[in-house]
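Here is the structure we will look at.
In the text below, chain A, chain B and the rest are named by the order of the sequence lines, each starting its count at 1. Computed from heavy atoms alone, side chains included, the values below leave out hydrogens, waters and symmetry copies.
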Amino acid sequence: MGTSFIPALLAIKPQPGNLTVVVTGLLLVFLILILLTLIITLQGKFFDALEAKKKAKSAPAPSAPAPSAPAAGGNVSAAAVLPAPGAVAPEIVAVIAAAVASVEQGGFAIRSIKPVSRTAQAGGRKAWGQAGVQSNTAPF
Amino acid sequence: MSAIWQTLLSIIQNSGFTGLAQEPLYIVMLVVGCFLLYLAIVRGFEPLLLLPIAFGMILANLPGSNIIHMQYFIGVGDEVLLHPSWIDILNNGGLGDMLYMGVKLGIYPPLIFLGIGTMTDFGPLISNPKSLLLGAAAQLGIFTTFLGARWLGFSGAEASSIGIIGGADGPTAIFVTSRLAPHLLGSIAVAAYSYMALVPVIQPPIMKALTTKKERCIVMSQLRTVSKTEKVIFPILCTIIVSLILPDSAVLVGMLMLGNLMKESGVVDRIQKTAGNELMNIITIFLGVSVGCTTSANTFLTLETVEIIVLGLIAFGFGTAGGVLFGKLMCWATHGKVNPLIGSAGVSAVPMAARVSQKVGQAENPQNFLLMHAMGPNVAGVIGSAVAAGILINIFG
């Protein structure tokens with residue numbers, strides 16, 4: 001009761017040849033993943049097109065006014081900051097000034113803050129991105 | 001006095017030492033179990049699975065423990081059970097029998113895939129869909145090993161289970177083996193997890209042999225950023241398409257993508273955390289112990305186990321080679337934009353294989369960061385091996 005056995009289980013279901021299994025298997029794996037590749041590529045193009053439309057619709061960002069860097073404690077001279085025209089937001093200037101003040105504990109004057117062009121950097125990455133990649137991959 | 005002596009004798013006769021004396025091969029299995037514990041604890045070989053597997057092996061090979069009765073699941077000798085004898089299991093089964101039901105019924109591997117999905121980032125794959133092809137190419141290991149196993153005399157179902165080792169995916173290997181060749185489960189699980197731990201040793205020589213220095217130094221362009229919407233749509237789309245084409249892979253791919261959807265949607269934080277942590281840990285314990293319990297001297301200490309271990313190495317080797325060679329093809333087709341080293345990451349030992357690609361690439365060019373590029377084929381390989389598993393179950397199941 002509760003047991004059944006099939007002495008020759010394999011004889012009931014015909015087995016395909018070895019080469020058939022290998023060729024069919026590899027072919028199917030490739031076909032399914034090629035199909036997925038095409039669908040994801042199309043999805044990516046669709047979303048890229050959507051993003052491009054959104055960017056074209058939104059107004060261009062206004063030039064940032066010449067910011068006055070706040071005296072963020074310490075002895076950092078704030079009067080001499082000369083940002084590149086229309087490129088650096090006041091908040092970023094404030095953060096940079098505060099970071100310099102906290103690290104260097106005063107005695108530094110920020111003369112200029114300007115964005116570095118991406119193409120000038122290694123691997124096309126922003127400095128933070130590069131630093132992040134380096135710190136994440138350092139153990140390997 | 002004689003009553004005390006009789007009682008003592010009875011206890012001694014029922015002790016495990018008598019069982020060891022009657023069947024000395026148990027001692028060998030205990031030594032093998034201790035060796036696997038050494039590998040797991042001291043050498044750090046996939047300890048999360050190998051430690052419970054090794055300890056399950058020890059528990060099952062202590063005579064008289066009655067922790068598991070494989071004869072209720074797969075029969076004895078030439079008697080092959082079509083279905084497990086559930087009444088015997090429930091009436092006479094031990095802890096190993098109860099835990100093993102989750103393996104036999106195909107519950108644990110999909111739930112582990114659920115947890116893996118919550119920890120997987122398909123971003124690198126979505127931003128570079130061609131990685132899926134590298135994941136497909138790396139499944140060459142599965143099918144070449146299938147051929148090798150057939151040549152050695154294994155049946156189609158057994159050869160499929162052995163071949164799946166090449167998918168470098170523990171849950172997939174256990175899922176397929178528990179359905180197609182449950183008597184080989186212990187050997188295949190031990191081989192699969194041991195080789196996964198050896199990926200950093202097995203892969204680099206093959207990668208270096210099949211690529212030129214110039215190819216290894218290729219720096220790939222930065223991946224595009226993937227929006228959250230794309231990351232949410234991907235698992236849904238993938239599940240529907242793959243499951244419609246290949247229903248046998250639905251449960252593995254579906255659970256993987258469910259876990260991923262839970263993570264990417266961001267609206268089910270509580271259950272996502274449970275799936276990836278507590279649930280996965282519980283299932284890992286149950287799976288490891290029960291799989292370890294299936295190893296007994298008569299199924300493990302055989303020539304078959306040695307052949308499985310050799311074939312497992314071939315599976316990993318051919319999988320790596322398949323991925324790297326397809327990577328070279330893609331490199332040629334894209335005029336040098338793809339570094340062939342990322343092809344080896346199609347062997348879906350996540351994230352170990354991707355790290356190996358990163359290391360080998362960085363050894364040639366310290367400025368080369370291939371890790372995120374290699375993660376694409378790495379996770380594609382998980383999908384690829386689940387698809388291959390579905391195909392083999394469809395043919396031989």
Side-chain angles (χ1 to χ4, degrees), chain A residues 1-48 50-51 54 118 121-126 129-140, chain B residues 72 75 78-83 85-88 125-127 129-133 135-137 139-140 142-144 146-147 150-151 155-157 159-160 219 221-222 224 226-227 229-230 233-234 237-238 241-242 245-246 355 358-359 362 367 369 371-372 380 383-384 387-388 391-392 395-396:
Chain A
M1 169 73 177
T3 63
S4 59
F5 66 93
I6 308 284
L9 190 66
L10 293 171
I12 292 174
K13 188 175 173 184
Q15 303 278 297
N18 297 337
L19 215 56
T20 310
V21 171
V22 171
V23 171
T24 320
L26 276 171
L27 207 61
L28 257 178
V29 169
F30 265 99
L31 283 175
I32 292 172
L33 293 188
I34 287 171
L35 180 64
L36 269 178
T37 306
L38 289 170
I39 291 170
I40 296 164
T41 309
L42 281 170
Q43 177 196 286
K45 289 201 159 88
F46 174 72
F47 278 94
D48 281 344
L50 265 179
E51 275 298 309
K54 275 188 194 167
R118 281 188 73 175
Q121 296 170 51
R125 288 193 177 88
K126 291 181 184 169
Q130 189 74 358
V133 166
Q134 272 177 328
S135 67
N136 281 328
T137 55
F140 309 122
Chain B
Y72 296 156
D78 289 333
E79 180 196 349
V80 175
L81 293 179
L82 186 57
H83 297 291
S85 48
W86 301 113
I87 307 289
D88 288 321
L125 175 63
I126 298 169
S127 66
K130 294 191 291 295
S131 310
L132 277 165
L133 304 178
Q139 308 315 313
L140 179 72
I142 296 178
F143 294 99
T144 44
F146 169 84
L147 276 178
R150 288 291 275 150
W151 183 70
S155 69
S160 302
V219 176
S221 56
Q222 196 176 352
R224 72 173 178 94
V226 177
S227 67
T229 314
E230 287 181 87
I233 290 177
F234 174 79
L237 211 57
C238 199
I241 291 167
V242 176
I245 299 173
L246 203 58
R355 283 186 194 161
Q358 158 72 20
K359 252 188 136 163
Q362 208 165 30
Q367 296 303 312
F369 299 105
L371 186 65
M372 291 319 287
I383 302 173
V387 168
I391 294 168
L392 292 170
I395 296 174
F396 294 106

(message) Counting heavy-atom pairs closer than 4.5 Å to chain A, which one of B/I126, B/L246, B/I383 comes out on top?
(response) B/I126

(message) My understanding is that only residues two or more places apart in sequence, or in another chain, count here; which of them pass side chain to side chain contact (heavy atoms under 4.5 Å, CB included) with B/L133?
(response) A/I34, A/T37, B/F326

(request) Identify, with sequence neighbours excluded, every residue that meets ring pair (Phe, Tyr, Trp, His ring centres under 6.0 Å) alongside B/Y72. (result) B/H69

Please classify the contact between [X] and chain A as side chain, backbone, both or neither, with a heavy-atom cut-off of under 4.5 Å.
| X | answer |
| --- | --- |
| B/L140 | both |
| B/F234 | both |
| B/A137 | both |
| B/L132 | both |
| B/I245 | side chain |

(message) Under 4.5 Å from any heavy atom of chain B, what part of A/L38 do you find: side chain, backbone, both or neither?
(response) neither

(request) Can you tell which part of A/F30 gets under 4.5 Å to a heavy atom of chain B, answering side chain, backbone, both or neither? (result) both

(request) Assess whether salt bridge (charged side-chain N to carboxylate O under 4.0 Å, His left out) is satisfied between B/R224 and B/E230, documenting all intermediate values. (result) CA-CA 12 Å; B/R224 72 173 178 94; B/E230 287 181 87; 2.9 Å; yes

(message) Looking at chain B, which one of A/L35, A/L26, A/D48, A/I39 has the largest number of heavy-atom pairs inside 4.5 Å, strictly under?
(response) A/L26

So [Y] and [X], do their side chains get closer than 4.5 Å, heavy atoms only?
| X | Y | value |
| --- | --- | --- |
| A/L28 | B/V387 | no |
| B/L371 | B/K359 | no |
| B/L147 | A/V21 | no |

(message) Can you give me the closest heavy-atom contact between A/I40 and B/P129, atom names plus distance?
(response) CG2-CG, 3.8 Å

